[in-house]
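First comes the structure, then the notes that go with it.
What you see below is based on every heavy atom in this structure, not just the backbone, and it leaves out hydrogens, waters and symmetry mates. It should be emphasised that the depicted structure is a prediction, and the values quoted were computed from it without experimental measurement. Labels below follow one simple rule: chain letters A, B, ... track the order of the sequence lines, proteins then strands, and each chain is numbered from 1.
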Amino acid sequence: MEQKKGEIIKVSGPLVVAKNMEGASIYEVVKISKMGLLGEIIEISDGVASIQVYEETSGIGPGEPVERTGSQLSVDLGPGLMSAIYDGIQRPLKSLFKESGNFITRGINVSALDEEKKWNFVPKVKEKDTVVAGDVIGEVEEMSIYHKIMVPFDIKEGEVVSVKKGEFSINDVVAKIKTKEGKERNLTMVQKWPIRQSRPVKKKMVPSKLLSTGQRVIDSFFPITKGGSGCVPGPFGSGKTVVLHQISKWSDADIIIFIGCGERGNEMTDVLKEFPELKDPRTGKPLLERTVLIANTSNMPVAAREASVYTGITIAEYFRDMGYDVALMADSTSRWAEALREISARLEEMPGEEGYPAYLGSRTASFYERAGYVECLGSKKREGSLTAIGSVSPPGGDLSEPVTQNTLRTVKVFWSLEDRLAYARHFPAINWLNSYSLYLENLKEFFKEKGGEDFAKNREEAMRILNEESRLEEIVRLVGFESLSSRDKLVMETARIIREDFLMQNAFDDVDTYNSFKKQSDMLSMIIEYYKKGLDLLSSGQSIDDVLSLPEKEKIAKAKFVPEKEYEK
Amino acid sequence: MLKYKKIKEIAGSLVVVEGVSNIKYEELVEVELENGEKRKGRVLEASQGKALVQMFEETRGMDPSSSKVSFLGKSMTFGASEDILGRIFDGSANPLDGHEYPIPEKNLDINGNPINPYCREFPDNFVQTGVSAIDGLNTLVRGQKLPIFSAAGLPHSLLATQIARQAKIEGNFSIVFGAMGITFEESRFFVEEFKKTGALSRSTLFLNIASDPVIERITLPRLALTAAEYLAFEKDYHVLVILTDMTNYCEALREVSASRKEVPGRRGYPGYLYTDLASIYERAGLIQGKKGSVTQIPILTMPEDDKTHPIPDLTGYITEGQIMLSRGLYQQGFYPPIDVLPSLSRLRDKGIGEGKTREDHPGLANQLFASYARGQEIRELTVILGESSLSDTDRAYLRFAEKFEERFLTQGVYENREIEDTLNIGWEILSLLPQSELKRVKEKDIKKYLSTDKESKTVKEE
């Protein structure tokens, strides 16, 4: 059946308006002009559709055809995802390079997954087995993980008719299933999923496990859970990207999805160059083997930038459904919001705050809500998690702007980066006074188990000392350090130790870059012990100078450079 | 080619043409006036039977009833060849130096295409500018985009020409210079400087002076970068692109946006300012397997010296660091008045050290930075407490900060310092501090480079 083609009536930047589009559905993917540029319908009325186009539209004009595809913007999910680098709509940049060279040109159609490559499929079900949606029918080994092939979610229940074993490419049939309704379905290793729809789970659970990042200020002070959500706002030069890179490198997630959303091209190159060389501290395999990169840099088309975060999170959900712990980084969500704003302005919608569309808040919230600690679909019990962390780039570092405020309304962890700290070369420049984590309560048991009875108390004490320091600093500014009481001097000194020897962490030092939680909790208790010993000495009449010259201080200062292995002595 | 006589409306630089068919977005447009004069523009919005055209030139004198419009069926291109070196063009690529336009080898779309992030090579090669404050502390790296944040009345033009004159990259080296909305005097100054020092022969200049059409300020950086990309990736040149003044560019963008009645973002600038700026700045870099490179030094003047103004703010989010000029330093008579503390080169650590500059460079840079920061802090304290209340070490820091500004920072407009000289001056002034304070430099570097007592005395007595 020949489908009716639409006709372009207006082109304005990434927005194209077409008529004769009766019967098209919202969010349907269309192909524009003979070049076949990809676009998505975002508004439709009386057969006139507004389409956001994922590629440059120069040279396109009224009268050209618009072809409907009948499907929504989807991603291909299957073996071959690991260590791939995609653009915002899941076109592999490596294949784009083969097709068009060093610069990205238009209208190129390449498949997201390698269709030639053979994978060794190992079945996990037998004939006559009953399976339900989400059940694992087999797995293939891909890089550092076992890629599980699951029963697609549209098959509610069925019986395995046949299942194969051996080398297959992704489009080969590996199993046949007779559904409850009596239909026979051929299963391959790929499935498609529309990116704007979250993948279903059996149930969501309260996250209560730490996502260990190896960063002291994060794990010990403002921790995030597996399945939690967090944000990193900060002005330029405050080190947002470094924080996200550090978490991607050292966190104990099984899979990392890194979305470069409207950021620098060179940063993606940095990841591509560095990750194959770095080793995962737990498995010893190159970090790139557990990473999927989505790169839609700032000079790539705006509409694809809007889609990139959804592409990323859908891939993340897919791995979560296999029962893995997935961590997703979106750098930066402000650029995503700006893409929304740009499209919204071209649609001539009524603007909300600062020109952002009024639905910015609900879109942000529904994005972060896709994170969570879940029990996956399937008959066997499987737990997986998806942690979502986004950086925010507030204009002028002003946190009152809409993107930051809308994000804070949703996420549970707030790491506030400050340029003042960055100028003083205090990295990570996370402000300890106004950052927060709402997961402390959830992690209580976990901390007790891994950090010992005292950890929570030590943490609180350290926070109290830091708060007191900020109060004392004002006094010092007025009357000078010497006029403080001995006890206050000790507080100031301990706070300095906490800041310099604990909170500051050098991402570029081979040892300091990663600290296990155990080491962190020991370092913290060393510092608090020093403080308590100092208090005791003061009350027994010793002078503050004696306390300040205790030999423990040097040991504390050196602790962060002691390698994990030696430290376990 | 069809010619239409159906201009419906002219408002500012925008022209609405009706009754047209088969037009394309971004297509080039030519308007012929009654007297035969031709002016160019491009399609901003293509609707059925109607086109919104943005003129590159003035609309003055255009009569809606008698002007004829033709659509050229192509977008704006730049005719590139190696012969563009040594030439001066305006914002529509017309020669300004009285010679014929060089025969193009290739016609390139000025909007370019984004470099595939997969194909980029990470920039890690040092570019010597001969300016200590940049080379020593905020090192420029080949393929980097490092803007200069200046303000009205500061000598950024002088610094720009100094860098253009002195910059040294081995291999074929050329400069593409783009000036948007500058004054006639400034443009004369640039041309004279380039001619005088012989830099012109390896440079291409694009000039748009304040009285030229505003719209050309929007196309000019794209022309310049198209030229640069051609030279770099097809002819193996290392190209340094200097763009001044990006603030004028953004003003032009705002002007056009306002005349289109678009919903404004912050301070009246269009909501897509970030994306637009990125489409310029991101055209810097290296490509795997290509010998050439594009390095960018955009210059912008911060309105009211305000770093949080949208122009410097969005620029900072895209570029890889910034060089800040300080009014305070300039008023005290220091040249170049680079405030090193808020300046930053994100790629510095990848481009310096052993095999690139010298093995002591990273440590030395950190030490100078930290010591100067400490010196500044003590200066502030001294204002409140007086110098008499300072300890000896604090006083040493004060003297260090002074010498840092006098010896390290300050240099002549025609003084071209080799990187070794820059580093040696750094060590020379570090000798003013007690050795116990030098915690960021390696012990072996101290032994090798720190001036002996005798030499350091000469510094002190100077």
When rounded to the nearest 0.5 angstrom, what distance separates [atom1] in [X] from [atom2] in [Y]?
{"X": "Y274(B)", "Y": "E342(A)", "atom1": "OH", "atom2": "CD", "result": "12.0 Å"}
{"X": "M300(A)", "Y": "T275(B)", "atom1": "CE", "atom2": "OG1", "result": "13.0 Å"}
{"X": "T105(A)", "Y": "N116(B)", "atom1": "OG1", "atom2": "CG", "result": "9.5 Å"}
{"X": "E121(B)", "Y": "N266(A)", "atom1": "CD", "atom2": "CG", "result": "10.0 Å"}
{"X": "I318(B)", "Y": "R335(A)", "atom1": "CD1", "atom2": "CZ", "result": "7.0 Å"}
{"X": "T269(A)", "Y": "I115(B)", "atom1": "OG1", "atom2": "CD1", "result": "9.0 Å"}

Listing, residues 302-312 of chain B side-chain donor-acceptor contacts under 3.5 Å, not counting sequence neighbours, or none:
{"unit_1": "D305(B)", "atom_1": "OD1", "unit_2": "R327(B)", "atom_2": "NH2", "d": "3.0"}
{"unit_1": "D305(B)", "atom_1": "OD2", "unit_2": "R327(B)", "atom_2": "NE", "d": "2.7"}
{"unit_1": "D305(B)", "atom_1": "OD2", "unit_2": "R327(B)", "atom_2": "NH2", "d": "3.4"}
{"unit_1": "D306(B)", "atom_1": "OD1", "unit_2": "T308(B)", "atom_2": "N", "d": "2.8"}
{"unit_1": "D306(B)", "atom_1": "OD1", "unit_2": "T308(B)", "atom_2": "OG1", "d": "2.7"}
{"unit_1": "D306(B)", "atom_1": "OD2", "unit_2": "T308(B)", "atom_2": "OG1", "d": "3.3"}
{"unit_1": "K307(B)", "atom_1": "NZ", "unit_2": "Y423(A)", "atom_2": "OH", "d": "2.5"}
{"unit_1": "H309(B)", "atom_1": "ND1", "unit_2": "I311(B)", "atom_2": "N", "d": "3.2"}

Between chain B and each of G355(A), G237(A), P395(A), count heavy-atom pairs under 4.5 Å; write down the option with the most.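 Of G355(A), G237(A), P395(A), P395(A) has the most heavy-atom pairs under 4.5 Å with chain B.
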Among A422(A), S393(A), G397(A), A295(A), who wins on heavy-atom pairs under 4.5 Å with chain B?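 Among A422(A), S393(A), G397(A), A295(A), the one with the most close pairs to chain B is S393(A).
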Heavy-atom distances under 4.5 Å only: say whether [X] touches chain B with side chain, backbone, both or neither.
{"X": "P351(A)", "result": "side chain"}
{"X": "V11(A)", "result": "both"}
{"X": "T297(A)", "result": "side chain"}
{"X": "R341(A)", "result": "side chain"}
{"X": "R305(A)", "result": "side chain"}
{"X": "D398(A)", "result": "neither"}
{"X": "I85(A)", "result": "side chain"}
{"X": "P14(A)", "result": "neither"}
{"X": "L272(A)", "result": "side chain"}

Minimal non-hydrogen separation, [X] against [Y], with atom names:
{"X": "E263(A)", "Y": "E282(B)", "result": "O-OE2, 4.2 Å"}
{"X": "F103(A)", "Y": "N113(B)", "result": "CD2-O, 3.0 Å"}
{"X": "G59(A)", "Y": "E26(B)", "result": "N-CB, 4.5 Å"}
{"X": "P117(B)", "Y": "M268(A)", "result": "CB-CB, 4.3 Å"}
{"X": "R260(B)", "Y": "S12(A)", "result": "NH2-OG, 4.1 Å"}
{"X": "Q48(B)", "Y": "E7(A)", "result": "NE2-OE2, 3.6 Å"}

Looking at [X] and [Y], would you say the former's side chain and the latter's main chain have a donor-acceptor pair under 3.5 Å?
{"X": "Y25(B)", "Y": "G13(A)", "result": "yes"}
{"X": "E262(B)", "Y": "A345(A)", "result": "no"}
{"X": "Y272(B)", "Y": "V302(A)", "result": "no"}
{"X": "N102(A)", "Y": "C119(B)", "result": "no"}
{"X": "N299(A)", "Y": "P114(B)", "result": "no"}

(message) So that I can tick it off, tell me whether E45(B) and K10(A) are bridged by a salt bridge, with the cut-off set at under 4.0 angstrom between side-chain N and carboxylate O.
(response) yes
Tell me, side chain or backbone of [X] under 4.5 Å from chain A's heavy atoms, or both, or neither?
{"X": "K74(B)", "answer": "neither"}
{"X": "F233(B)", "answer": "side chain"}
{"X": "R42(B)", "answer": "neither"}
{"X": "Q144(B)", "answer": "neither"}

### Message
I'd like to know whether K273(A) forms a side-chain contact (heavy atoms from CB on, under 4.5 Å) with D124(B), so could you lay out the CA-CA distance, the side-chain angles of the two residues, the decisive distance to 0.1 Å, and finally the verdict.
### Response
CA-CA 12 Å; K273(A) 209 175 146 189; D124(B) 58 0; 3.9 Å; yes
Only pairs of heavy atoms separated by less than 4.5 Å count here; which of A373(B), G289(B), G271(B) has the most with chain A?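 So the answer, after comparing A373(B), G289(B), G271(B), is G271(B).
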**Asked** Out of G112(B), G316(B), G265(B), which one racks up the most heavy-atom pairs below 4.5 Å with chain A?
**Response**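 Winner by heavy-atom pair count: G316(B).
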Can you name the side chain to side chain contact (heavy atoms under 4.5 Å, CB included) partners of V243(A), sequence neighbours left out?
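For V243(A), the residues satisfying side chain to side chain contact (heavy atoms under 4.5 Å, CB included) (neighbours in sequence not counted) are I218(A), V232(A), I247(A), L417(A), P428(A).
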Notebook entry, point to check: So D270(A) and K350(B), side-chain contact (heavy atoms from CB on, under 4.5 Å) or not? Walk me through it.
Noted result: CA-CA 11 Å; D270(A) 198 17; K350(B) 313 262 181 182; 3.4 Å; yes
ask   = Parallel, tilted or perpendicular: which describes the rings of F236(A) and Y317(B), with under 30° parallel and over 60° perpendicular?
value = perpendicular
